[in-house]
Amino acid sequence: MAKKLQQFYIYKLSSQRIIQDKLNIQLNINDARKNGELISIGNSQLLTTIRQIKNRTDYENRLNELLEQKKIAKKKLDNPLRLYEIEKEIDAILFVPEVISLVVEDNRHYVKIINEGLFVNGKKYVRLMCSAGQARRNNVLLIDSEIEHQTKETLNNGRKDIPIVPAKFNAYFALASSTALPVTTPLFTVVKDCEIKRIEKVEWVEEDPSGDDKIEEVEKEIKFNLFDGQGLISPRMAKQWAEDLELDYIPSCFIVRSNFIKGLLVVVDFVEYSDYIGKHIIEDIYGDTINIRDMDVILSASQFKLWNAFDNIKSYVKNSKQNNIGWGVTRYAPKQEKNHTTLNYQFIQALNLDEKAIKSLCKKTVEYFKNISTNTLDYTLLYLLGDLCDEEYDEYIFDKIGDNVTKAIILNNELIYDPYIQTHIQNSIKKKIKESYIGNLIVNGNYTFMVADPIAMLDHIFSLPVKGLLERGEYYCRYWLDKGINKIAGMRSPLVWRSEVDVMNLKTDDNMEHWYEYLNCCCIFPANGMDMAVLGGAD
């Protein structure tokens with residue numbers, strides 16, 4: 001069973017509400033819950049730092065005890081007062097009063113709140129950070145002014161002041177608020193990005209004031225960062241992280257967060273590769289020599305956003321230890337890929353379809369809804385159970401089902417013919433049927449991690465000619481190769497033009513099977529292709 005992310009609670013207040021209350025609000029958890037002003041957020045470095053400052057680090061054992069007591073109390077139902085007391089203590093542990101999420105509904109509100117401060121329950125709150133995702137939703141995190149300085153000092157981690165665009169620093173600093181599962185801190189190094197320029201044929205758009213833009217194929221010099229946002233992790237450390245995450249397999253890839261660090265780590269045995277080429281010493285981005293055999297992780301400069309704000313890796317690591325800053329995983333590759341996914345209207349409008357092709361494309365979706373609508377038991381249960389069907393056998397799975405109708409059908413299959421339950425199921429799938437009208441059609445396929453050839457990245461790291469194992473136009477995807485399929489189409493949202501459909505010819509050989517041993521759930525791209533540009537930048 002994979003480790004679950006602990007959720008905490010903070011207030012979420014709209015700027016309109018704050019201005020109406022003249023920047024001074026009295027609020028408790030119960031009222032906030034009733035008003036929809038209490039939201040859950042996942043654990044992060046920010047919350048860890050706040051608990052450290054407020055001496056609330058030893059909470060997990062007591063929380064687990066309370067959650068177990070709550071289960072027992074809910075089953076017995078003989079002591080409602082005790083259940084209330086348990087829930088109140090759980091709230092006290094999980095509620096983070098030091099942070100407030102501000103929803104900005106008017107820029108004038110924001111200016112006033114930032115200039116004058118927000119007061120909640122007698123405490124003053126000031127601006128702390130705003131991530132790129134929060135900015136898109138007009139959200140800003142505020143913090144109790146009493147711990148503002150200490151929090152910022154800790155999260156800045158002893159960095160030097162360097163010239164940087166404020167918006168970029170804003171995003172990099174806010175990485176501390178990323179939800180992540182903590183993992184063992186690795187020994188790591190950082191290498192220079194592999195940036196090159198190539199002449200490529202592209203479809204060039206010349207804008208016309210009339211709106212009838214001109215598109216023609218031309219040759220242009222394009223700059224590429226071949227391994228932008230990608231690093232490598234050793235199988236040994238990947239195994240350790242799998243244990244930290246309580247997984248029974250080693251994921252092919254991890255998306256990580258640490259102090260000013262983010263990006264994708266791909267599992268490849270770079271120590272074995274160094275033995276293979278007979279070279280173990282590399283140069284990091286600071287010009288220091290590193291023995292690759294001592295490393296767990298190799299980052300590219302594009303992943304360490306403020307590498308130039310530290311003198312070297314040693315000083316960064318020393319600061320991180322002093323400030324109790326760790327590493328976390330926000331996402332990882334699954335044990336096995338899904339067999340089906342849904343299209344959208346953008347993907348479909350890029351295709352050249354005739355009447356026959358349209359019927360073929362819709363067939364699987366039509367059959368799916370038909371089988372559910374006609375009360376076919378297996379299909380209906382699979383639909384109602386959702387992602388629970390993908391889990392391994394669990395004797396307590398029944399307790400995980402939140403829908404009473406699903407539980408009823410499992411206990412008595414004949415209830416599938418009950419009029420009330422039939423109406424419930426029909427109402428449930430109406431939304432999905434409507435979504436299918438605008439292109440949400442079921443197809444054989446999946447969303448997977450995009451990986452730039454890790455062997456080509458090792459060529460770069462060891463100052464060898466960057467070749468890798470894949471030639472231009474060749475790709476490796478274990479999922480489809482195992483199905484005997486050697487040609488697939490890659491699409492990435494948002495897809496705005498037909499040129500963004502990437503037709504990929506799959507290839508494998510003994511060499512790839514060896515070096516890509518751990519890369520079962522991802523798609524590997526050649527280093528010398530145009531694929532990242534074709535697929536919308538693949539950021």
Side-chain angles (χ1 to χ4, degrees), residues 186-189 191 193-194 226-242 249-256 263-282 290-300 303 332-337 448-486 488 490 504-529 531-532 538:
L187 295 172
F188 75 98
T189 189
V191 297
D193 287 327
C194 185
L226 299 186
F227 312 105
D228 189 17
Q230 178 175 299
L232 307 176
I233 180 171
S234 70
R236 188 196 65 80
M237 184 50 66
K239 182 180 180 182
Q240 177 60 55
W241 281 9
Y249 71 100
I250 298 177
S252 300
C253 316
F254 302 86
I255 294 180
V256 297
L264 180 72
L265 293 182
V266 181
V267 184
V268 66
D269 197 337
F270 48 76
V271 174
E272 182 187 355
Y273 190 79
S274 74
D275 291 336
Y276 173 70
I277 65 171
K279 183 179 180 180
H280 305 293
I281 306 300
I282 65 170
I290 303 294
N291 190 325
I292 206 77
R293 290 174 292 189
D294 297 332
M295 295 297 108
D296 300 314
V297 164
I298 305 173
L299 298 177
S300 59
Q303 294 181 288
Y332 49 83
K335 188 174 185 178
Q336 58 185 35
E337 300 280 23
T448 192
F449 284 89
M450 297 173 63
V451 173
D453 187 350
I455 303 304
M457 186 172 185
L458 284 172
D459 289 340
H460 163 65
I461 290 169
F462 287 105
S463 301
L464 301 173
V466 178
K467 294 180 179 178
L469 302 183
L470 295 166
E471 297 292 340
R472 185 166 182 147
E474 296 177 346
Y475 306 83
Y476 179 95
C477 187
R478 181 77 267 152
Y479 173 85
W480 293 108
L481 288 167
D482 285 346
K483 291 181 175 294
I485 294 172
N486 56 24
I488 59 174
M504 298 181 276
N505 295 300
L506 303 182
K507 181 186 176 181
T508 187
D509 56 32
D510 292 342
N511 211 22
M512 293 181 196
E513 292 302 315
H514 176 74
W515 293 110
Y516 300 159
E517 175 186 359
Y518 299 94
L519 305 181
N520 298 316
C521 290
C522 61
C523 187
I524 304 176
F525 292 76
N528 61 352
D531 304 279
M532 303 303 128

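Side-chain contact between Phe462 and Ile292: present, with at least one pair of heavy atoms (C-beta onward) separated by less than 4.5 Å. Side-chain contact between Met532 and Asp228 is absent, with no heavy-atom pair separated by less than 4.5 Å. A 4.5 Å side-chain heavy-atom check between Asn520 and Asp482 finds every atom pair outside the cut-off.
The CG atom of Asp531 sits 3.5 Å away from the OH atom of Tyr475 when rounded to the nearest 0.5 Å. Remark: Ile281 CD1 to Asn291 CG distance equals 4.0 Å, nearest 0.5 Å. Note: Glu517 CD to Asp269 CG = 8.0 Å, rounded to the nearest 0.5 Å. Considering OG1 of Thr508 and CG of Leu470, their distance stands at 9.0 Å, rounded to 0.5 Å. For the atom pair CD1 (Ile461) and CG (Leu232), the distance works out to 5.0 Å, reported to the nearest 0.5 Å. The line from NZ of Lys467 to CG of Asp459 is 8.5 Å long, rounded to the nearest 0.5 Å.
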Legend entry - From CA spacing to verdict: side-chain contact (heavy atoms from CB on, under 4.5 Å), Gln303, Leu265: CA-CA 10 Å; Gln303 294 181 288; Leu265 293 182; 4.1 Å; yes
Legend entry - Worked check of side-chain contact (heavy atoms from CB on, under 4.5 Å) between Val266 and Cys522: CA-CA 10 Å; Val266 181; Cys522 61; 5.8 Å; no
Legend entry - side-chain contact (heavy atoms from CB on, under 4.5 Å) between Glu337 and Thr448, intermediate numbers included: CA-CA 8 Å; Glu337 300 280 23; Thr448 192; 2.5 Å; yes
Legend entry - Candidate pair His280 and Asp275, rule side-chain contact (heavy atoms from CB on, under 4.5 Å), full reasoning: CA-CA 7 Å; His280 305 293; Asp275 291 336; 2.7 Å; yes
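In terms of the ring-ring contact (aromatic ring centres under 6.0 Å, His included) criterion, Tyr332 has no residue partners (sequence neighbours excluded). Residues satisfying the side-chain contact (heavy atoms from CB on, under 4.5 Å) criterion with Ala456, sequence neighbours excluded, are Phe227, Asp453, Val466, Ala527. Listed by chain and residue number, Tyr273, Tyr276 satisfy the ring-ring contact (aromatic ring centres under 6.0 Å, His included) test with Trp515 (two or more places apart in sequence, or in another chain).
Among Tyr518, Phe188, Trp241, the single residue meeting the side chain to side chain contact (heavy atoms under 4.5 Å, CB included) criterion with Ile233 is Trp241. Checking each of Ser234, Ser252, Pro235, Pro251 against Val267 for a side chain to side chain contact (heavy atoms under 4.5 Å, CB included) leaves exactly one that passes, namely Pro235.
Using a cutoff of 4.0 Å between basic side-chain nitrogens and carboxylate oxygens, Glu513 and Arg478 are scored as salt-bridged.
Shortest non-hydrogen contact noted between Ile485 and Leu506 is O-CD1, 3.4 Å. Considering every non-hydrogen atom in both Phe449 and Cys253, the closest pair reads CB-SG, 4.1 Å. The two residues Ile290 and Thr189 have their closest heavy-atom pair at CG1-OG1, 3.6 Å. Across every non-hydrogen atom of Gly231 and Met457, the tightest pair is CA-CE, 3.9 Å. Nearest heavy atom pair, residue Gly229 against residue Ser300, reads N-OG, 4.1 Å.
One N or O on the side chain of Arg472 and one on the backbone of Asn528 form a donor-acceptor pair closer than 3.5 Å.
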